[in-house]
Every structure is written in C-alpha cells, then in structure tokens.
Amino acid sequence: MNEIFRIMEEDARKTPQQIATMTGIPLSKVKEAIKQAERNRTILKYKAMVNWDKLGEGQVWALIEVRLVPQRDVGFDAIAERIYRFPEARSVYLMSGTYDLAVLIAGKTMQEIASFVAQKLAPLEGVQGTVTHFLLKRYKEDGEVLEGEERPKRVPIMP
Amino acid sequence: MKDTKRTKERDMISKRVKEIPPSGIRRFFDILASLEGVISLGVGEPDFVTPWHIREAGIYSLEKGYTSYTSNYGLLELREEIARYLKSRYGLDYDPQRELLITVGVSEGLDLAMRAILDPGDEIIVHEPGYVSYMPCTVLAGGVFVPVPTTIENEFKVKAEDIEKRITPKTKALLLGYPNNPTGAVMDREGLRRVAEVAQRHDLLVISDEIYERLVYGVKHTCFASLPGMKERTILLSGFSKAFAMTGWRIGYAAAREEIIEAMMKIHQYTMMCAPTMGQMAAIEALREGEAQIAEMVAEYDQRRRVMVEGFNRIGLTCFEPRGAFYTFPSIKRTGLSSEEFAERLLLEDRVAVVPGATFGECGEGYVRCCYATSLAEIEEALERMSRFVKRHRAR
C-alpha cells in the first residue's frame with residue numbers, strides 16, 4: 001500500500017487508475033487508501049513545487065537557529081507552538097545539538113526577515129537566543145535539482 | 001612509396017565478415033535523424049544515470065592516478081568482490097584468482113567464450129528470439145549457429161526437448177540468454193533444470209548470458225551455474241551495465257572453470273589487454289554499496305512494465321507479461337504488417353521508435369520490441385500514438 005503514496009509523493013497528479021496499473025493494486029483499493037489517507041492527514045495536501053526565481057518573484061529565505069529554555073511540563077512544545085503559529089515560519093523542527101529549534105522563514109526582503117526575528121521571535125519568553133543564516137542559493141530541494149536536470153544521453157535505437 | 005597495386009576490383013573484405021548480414025536497424029538511424037519529436041522505445045539501456053556514489057568512485061580513481069593497465073584478468077579486488085557476490089547471491093564458489101575474468105561488457109565476454117570453445121564447424125544451439133550478437137559472434141568464431149525457435153505459447157521460454165532435437169555430433173555448446181532481450185521472458189528453475197539434463201546427457205557446455213539477472217519482477221532469477229553439476233559446464237556471463245545503469249563504463253565478467261577462463265584470457269590479453277581501469281574501480285563500489293539503488297530502479301521499472309503491458313493489451317497489441325529485463329514484446333500480427341514495416345511506418349507516421357522483432361531471429365517476426373526504461377510520461381504518450389496507429393492499420 002505504501003507504494004501508492006510513494007508514487008503520489010513523486011507526482012500527485014497521477015490518477016488512481018494510473019496508480020492501480022502501476023502497482024497492480026485494484027482500483028477500488030487504491031481509491032479507498034487515498035480517501036483514507038486524506039481523511040487521517042497521512043496526505044496533508046496537494047501542491048505544486050514552484051521555482052519562483054523563474055517568475056522573477058524570488059523570496060528571501062533564512063534558517064534561524066533558536067535556543068530555548070525548556071518549560072516545566074510542556075518542555076519545548078509550548079514555545080515551539082508559539083513560534084510555528086506565525087505564518088512566516090514555514091518549517092519548524094526540534095533539533096539535537098547546540099541549538100533547539102530550526103526555523104525556516106520566508107520573506108520578501110532581508111529587512112522583513114530581520115524585523116520578524118528582532119520583533120517577533122527573539123523577544124518571546126523562553127527564547128534564549130537566535131542565529132540567523134540567510135540562504136544564498138538553492139541547488140537542490142526536496143530531491144529535485146533546480147538547474148540542469150541530469151538525463152542520460154542515449155542512442156535512440158539499440159538492439 | 002606509390003600505391004599502384006591497389007585496384008578497385010580486388011575484394012578486400014573477408015568472406016567471414018561478409019557472411020554476416022547487415023543489421024536490420026541501421027536504416028532506422030537515418031530516418032530518426034531526419035525526424036523531430038520522436039519518442040523512442042527502441043533503446044537498449046537504462047534511463048537512469050549511474051548512481052552518483054559509483055560515478056564518484058570512478059572520478060576518485062582518476063584523481064588518485066589509477067590510469068594504468070590492470071592485470072589481464074582484471075583487478076583482483078574486483079574479482080574478489082564478484083566472487084563474494086556470486087557466493088552470497090547464488091551460493092556459487094568461484095576462485096577469484098583463476099575462475100573469473102573481467103571483460104569489456106558481456107559483449108566481449110560472449111566473443112571470448114565463442115572463440116575459446118569453438119573449432120571450425122562446431123555447432124552451438126541458441127534460442128530465438130535472442131540478442132543480436134549471438135549469431136555474428138558464432139560466425140566470427142568459425143562456429144555454426146543453430147537456432148531454436150521459442151513461442152509466445154510457451155512465453156518465449158526455450159524447451160529442453162526442442163534443444164535436444166537439434167543436437168548432432170558436432171554440437172559443442174548451448175547458449176542461454178535469460179532474462180531475455182528482446183522478449184523479457186525468464187526461465188523458471190524447472191525449465192532450466194531440464195536444459196541442464198540435456199547438457200549433461202550430451203556433454204555440452206552452456207554459455208549463460210545473465211546480464212539482466214537483477215531485473216526480474218515478482219520472480220526469482222536462477223543462475224544456471226548454480227544448478228547441480230552445472231558450474232563445471234557453464235560459462236556465466238554478466239556485468240554491471242543493466243543492474244547499475246553502467247552501460248557506458250563497459251565492465252562485465254565471465255565466470256567458468258579454470259581451463260576455460262584461461263583460454264578466454266589468452267584471447268583477451270592479445271586483443272583487449274584489460275577492461276578500463278576507471279570502470280573497474282567504479283564496479284567495485286557498485287558491488288559494495290549499490291544494492292539500495294538496484295532495488296529503487298527495479299521498483300520503478302516494475303511500475304512502467306505494468307503500464308506498458310496493460311496499455312498494449314488495451315490498444316489491441318497482445319502482449320504476454322514479461323518478468324525480466326526491461327522489454328515488452330507485443331504482437332503486431334493484427335495489423336497485417338511485417339515487424340519491419342510496422343516499425344518504419346510507426347516511426348514515420350506517429351513518431352514512435354520500436355525495434356522490429358525479426359531483428360532478433362526469424363520467429364521474432366510478428367512482434368516488436370518496446371523498452372520501458374523510459375519515463376512514464378513518455379510511455380503513456382507513446383501508447384497514445386500507437387493506439388492511433390493501430391486503429392488506422394487494422395488488417396483489412
């Protein structure tokens with residue numbers, strides 16, 4: 001069954017019929033599995049992966065290292081929630097190592113991100129300190145190489 | 001010195017070479033070159049680039065200066081890895097020092113095997129449809145090619161009794177090419193066991209081309225040499241091209257008993273010296289760390305295989321379910337066209353390239369070979385185009 005989702009993760013536009021053919025799983029079972037996955041949030045949503053740079057609308061991204069003071073009973077979860085509720089925070093991860101949260105922020109300009117960090121993130125109670133790393137260039141994202149996709153150069157007819 | 005002796009009248013090409021008919025697919029290259037927007041199902045290699053860690057190992061070997069010849073047998077380290085692989089996968093014991101030879105792809109291995117064992121007039125029995133170089137290699141080695149047809153009714157598996165019928169006092173060897181190019185057929189263990197009995201009964205060698213051994217779907221590949229008593233009789237040919245998407249590296253190997261490997265090495269050392277060193281270094285990495293990628297590639301091929309087989313049956317080109325390699329072999333008989341006409345018209349009219357079945361032996365007539373080592377989007381588009389083509393060309 002996981003094969004269904006592996007296919008969809010690669011290309012969400014594959015139809016249940018196509019997936020049924022590709023896997024040999026009956027169509028009704030494929031449809032049922034997808035419906036169920038949508039219901040229980042195994043599939044969170046369907047979206048396109050857009051290279052905004054090509055549209056002249058490149059965004060500024062930053063990875064913020066956040067050090068926290070854990071709180072009684074809730075540990076890092078409560079403060080993490082206060083951070084991930086900001087729509088600017090695109091991804092939030094609890095990390096092992098020298099800092100606690102990795103927060104990925106997207107904004108239109110560096111100033112926008114800087115002011116978010118200075119005004120929203122850093123002053124939060126429980127945030128001990130932040131380090132901001134601006135993203136300079138994307139080479140590969142989510143397994144996709146952004147420029148110059150690699151295809152083998154094959155002879156079209158070969159016995 | 002002035003060349004006065006050379007005249008146009010004198011034929012300089014050897015009779016032996018002239019005996020080999022020209023390749024039936026050459027002219028498709030010219031047609032292809034003149035067309036745009038062609039989807040090719042005519043390829044014979046993976047559409048994956050060699051996994052990066054393997055390429056990286058090749059690059060590293062260059063950086064470290066591994067640019068010299070290796071032993072004629074190939075790098076011992078690689079032979080040791082292959083011996084370990086054959087042991088763990090098929091329970092076979094080959095001595096890496098004496099029973100393994102690294103070749104320039106299975107193509108060279110096949111040529112060496114033929115030349116090492118055939119005397120003029122010796123016969124070798126080979127199933128058809130089969131890979132295109134089986135016959136020419138036999139002829140070039142001075143042997144006599146004895147084809148055994150296989151049929152769709154038996155899913156293109158060769159029958160031991162059909163082989164046995166063709167055995168004469170001159171028969172020296174059998175050649176097996178399973179998983180099969182062009183049909184995608186695989187042999188089951190029982191079928192192979194019966195072939196083994198024939199080999200035993202008539203004291204024959206068996207050349208087993210198992211280059212597609214890793215590309216099987218829902219079945220287990222049986223290595224012919226692993227059958228009881230067969231290691232001594234078998235020249236096992238395999239390599240890295242298909243499983244690891246390494247066609248351009250040209251690395252294969254032969255495994256056989258010492259006396260045969262010695263004979264093959266004798267030819268190899270005078271004609272080839274050794275396989276490319278960089279490729280051998282990369283092949284070591286492939287065997288050590290490449291298993292995960294094989295599994296990923298096989299899973300993808302399997303999906304495409306289902307789409308293509310289902311598609312052909314849907315558009316009326318009956319297709320048995322191939323369980324190996326990356327080819328389907330649909331029947332085109334209902335169009336009333338020969339496989340060559342079919343391929344040519346399909347290319348010109350709807351711009352899909354396939355390989356005529358007759359290229360792989362007479363009994364391949366009525367079929368075309370379509371490779372599913374291409375993206376799903378292309379396979380689906382090709383099926384669309386072929387569906388239109390078939391509708392226009394229903395036999396009148």
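In what follows, chains are A, B, ... by sequence order, proteins preceding strands, each numbered from 1. Quick note: numbers below take in every heavy atom, side chains included, and nothing from hydrogens, waters or symmetry partners.
- Both the backbone and the side chain of B:V43 come within contact range of chain A, judged by heavy atoms closer than 4.5 Å.
- For the pair B:P182 and B:V355, the minimum side-chain heavy-atom distance is 4.5 Å or more.
- Residues B:L346 and B:E349 fail the side-chain proximity criterion, which asks for heavy atoms closer than 4.5 Å.
- Looking at B:Y217, B:Y372, B:Y212 one by one, the single match for ring pair (Phe, Tyr, Trp, His ring centres under 6.0 Å) with B:Y327 turns out to be B:Y212.
- Within residues 17-53 of chain A, the residues having any heavy atom closer than 4.5 Å to a heavy atom of chain B are A:Q18, A:T21, A:M22, A:T23, A:G24, listed by residue number.
- Counting only distance, with no hydrogens or angles, the side chain of A:R138 and the backbone of A:L146 share no donor-acceptor pair below 3.5 Å.
- Looking at B:K242, its side chain does come within 3.5 Å of a backbone N or O of B:G44 through a donor-acceptor pair.
- To the nearest 0.5 Å, atoms CG (A:L101) and CG (A:L121) are separated by 8.5 Å.
- Heavy-atom pairs under 4.5 Å with chain A were tallied for B:R304, B:M308, B:R306, B:E300; the largest tally goes to B:R306.
- Looking at B:A377, neither its backbone nor its side chain comes within 4.5 Å of chain A, counting heavy atoms on both sides.
- Taking a cutoff of 4.0 Å between a charged side-chain nitrogen and a carboxylate oxygen, B:R27 and B:D30 do not qualify as a salt bridge.
- A ring-centre distance under 6.0 Å is not found for B:F360 and B:Y134.
- Residue A:R6 does not touch chain B at all, counting heavy-atom pairs closer than 4.5 Å.
- At least one side-chain heavy atom of B:S107 sits less than 4.5 Å from a side-chain heavy atom of B:R250.
- Of the atoms belonging to B:L376, it is side-chain heavy atoms, and not backbone ones, that fall under 4.5 Å from chain A.
- Remark: B:R305 is not positioned above the aromatic ring of B:Y301, lacking an NZ or CZ atom under 6.0 angstrom from the ring centre and at most 45 degrees off the axis.
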- Step-by-step salt bridge (Lys or Arg N to Asp or Glu O under 4.0 Å) determination, A:R85 to A:E81: CA-CA 6 Å; A:R85 289 205 176 278; A:E81 184 177 346; 2.8 Å; yes

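- Of the residues considered (B:V307, B:V354, B:D47, B:T374), B:D47 shows the highest number of contacts with chain A, using heavy-atom pairs under 4.5 Å.
- The backbone N or O of B:E365 lies less than 3.5 Å from no partner atom in the side chain of B:S339, so there is not a single donor-acceptor pair.
- Residue with the most contacts toward chain A among B:L32, B:T359, B:D302: B:L32 (heavy-atom pairs, distance under 4.5 Å).
- The closest side-chain heavy-atom distance from A:V103 to A:S91 is not below 4.5 Å.
- Residues of residues 55-70 of chain A placed with any heavy atom under 4.5 Å of a heavy atom in chain B are absent; none qualify.
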